[in-house]
Amino acid sequence: SVNYSGPGCEPNADHPKPEENTSRCFPVYWSPQGGTERQQDWFHKYVVTDVYSADTTGGSDSIRTHYDYTDDGGREWAAWHHADDPISPPKWRTWNQWRGYSTVTTTVGDSANRPKSRTVSVFLRGMAGDKGKSKDLTVAGNTKVPGLRSPAITDRDALAGFLRENVTYDGNTPVSGAWYEPWTHETASYDYGEAQYVARASYVRTASEHSWTAVTRDRSLSAQWEH
């Protein structure tokens with residue numbers, strides 16, 4: 001079974017400026033059934049919070065996988081990119097292109113009797129240079145994404161969704177991980193002119209992988225690292 005997050009905002013509530021929005025609600029210009037004029041309304045985005053895997057034949061206990069979503073500052077702030085849409089007129093476009101969270105924590109197990117494993121993953125979201133966001137804006141418009149052990153990297157649009165880093169923990173102690181260096185090549189572009197939009201296609205692959213594992217001679221000693 002799968003559990004999802006609750007609503008991200010309330011009806012008739014005050015909403016942030018679309019370019020500064022970090023909630024799981026997003027604005028859309030649309031015409032309700034029977035209407036002739038477009039209006040801006042806010043809609044919910046739902047994310048998976050838990051997945052329960054059940055043994056339907058052997059009778060083993062179910063396994064819970066839980067997901068926590070944060071930005072690189074540990075806040076539950078999501079990123080919304082200005083819509084890349086050559087069809088809609090510019091005046092009807094807004095910040096409603098889902099770019100998600102930079103950090104996802106996956107925890108498997110849910111009690112003292114069931115060992116837990118925890119993995120933290122860092123993703124790029126392609127937010128650098130997004131329309132309407134200043135370079136020092138901290139609500140999802142950062143131009144660089146810091147890593148857990150990897151160096152900061154520019155969050156270029158073509159890299160949206162790229163897995164930057166994984167770290168596995170034993171309790172609060174990191175025991176292994178890897179970070180990945182992306183490689184991109186722009187293969188095509190098209191300027192839509194009056195639509196005020198340039199579409200770009202890019203080829204994205206992993207250029208290199210850097211992995212490490214914690215090594216200890218004694219539990220009382222600090223961990224050493226192998227790269």
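In this text, all values refer to a predicted model and were calculated from it rather than measured experimentally.
- Grouping the Ile, Leu, Val, Met, Phe, Trp and Tyr side chains by contacts below 4.5 angstrom, directly or via other members, places Y4 with V51.
- The two residues P18 and W95 make their nearest non-hydrogen contact at O-CB, 3.4 Å.
- Classification of the H15-W42 ring pair by plane angle, with boundaries at 30° and 60°, yields parallel.
- Among residues two or more places apart in sequence or in another chain, the side-chain contact (heavy atoms from CB on, under 4.5 Å) test is passed with Y69 by V47, V48, Y67, Y101, V104.
- The backbone N or O of H82 sits less than 3.5 Å from a side-chain atom of D130, completing a donor-acceptor pair.
- Taking the salt bridge (charged side-chain N to carboxylate O under 4.0 Å, His left out) definition, one finds that E10 meets it with nothing, sequence neighbours left out.
- The side-chain contact (heavy atoms from CB on, under 4.5 Å) with L159 is formed by just one residue from the set T154, V145, L124; it is L124.
- Across R125 and G100, no two heavy atoms sit closer than the pair NH1-O, 2.9 Å.
- For the pair L163 and S121, the tightest heavy-atom approach, listed with the atom from each and the gap, is CD1-CB, 4.0 Å.
- Put simply, the residue from F26, F43, W80 that forms a ring pair (Phe, Tyr, Trp, His ring centres under 6.0 Å) with W98 is W80.
- Crowding of D170 atom CG: a count of heavy atoms from other residues, nucleotides or ligands under 6.0 Å not exceeding 12.
- For D157, the salt bridge (charged side-chain N to carboxylate O under 4.0 Å, His left out) partners are R99, not counting sequence neighbours.
- Nearest approach of Y169 to L148, heavy atoms of both residues: OH-CD1, 4.3 Å.
- When the shell of 6.0 Å around OH of Y46 is examined, it contains more than 12 heavy atoms from other residues, nucleotides or ligands.
- Within 6.0 Å of CD in Q40 there are more than 12 heavy atoms belonging to other residues, nucleotides or ligands.
- The two residues R149 and E165 have their closest heavy-atom pair at N-OE2, 2.8 Å.
- Residues that satisfy the salt bridge (charged side-chain N to carboxylate O under 4.0 Å, His left out) test with D50, not counting sequence neighbours, are R64.
- Of all heavy-atom pairs spanning R200 and S189, the tightest one is NH1-CB, 3.9 Å.
- Of the possible donor and acceptor atoms, one in the side chain of R118 sits under 3.5 Å from a partner among the backbone N and O of G171.
- Legend: disulfide bond (SG atoms under 2.5 Å apart) pairs involving residues 7-62, not counting sequence neighbours, sorted by first then second residue: C9-C25.
- Under the side-chain contact (heavy atoms from CB on, under 4.5 Å) criterion, E209 pairs with A178, Y180, S211, sequence neighbours left out.
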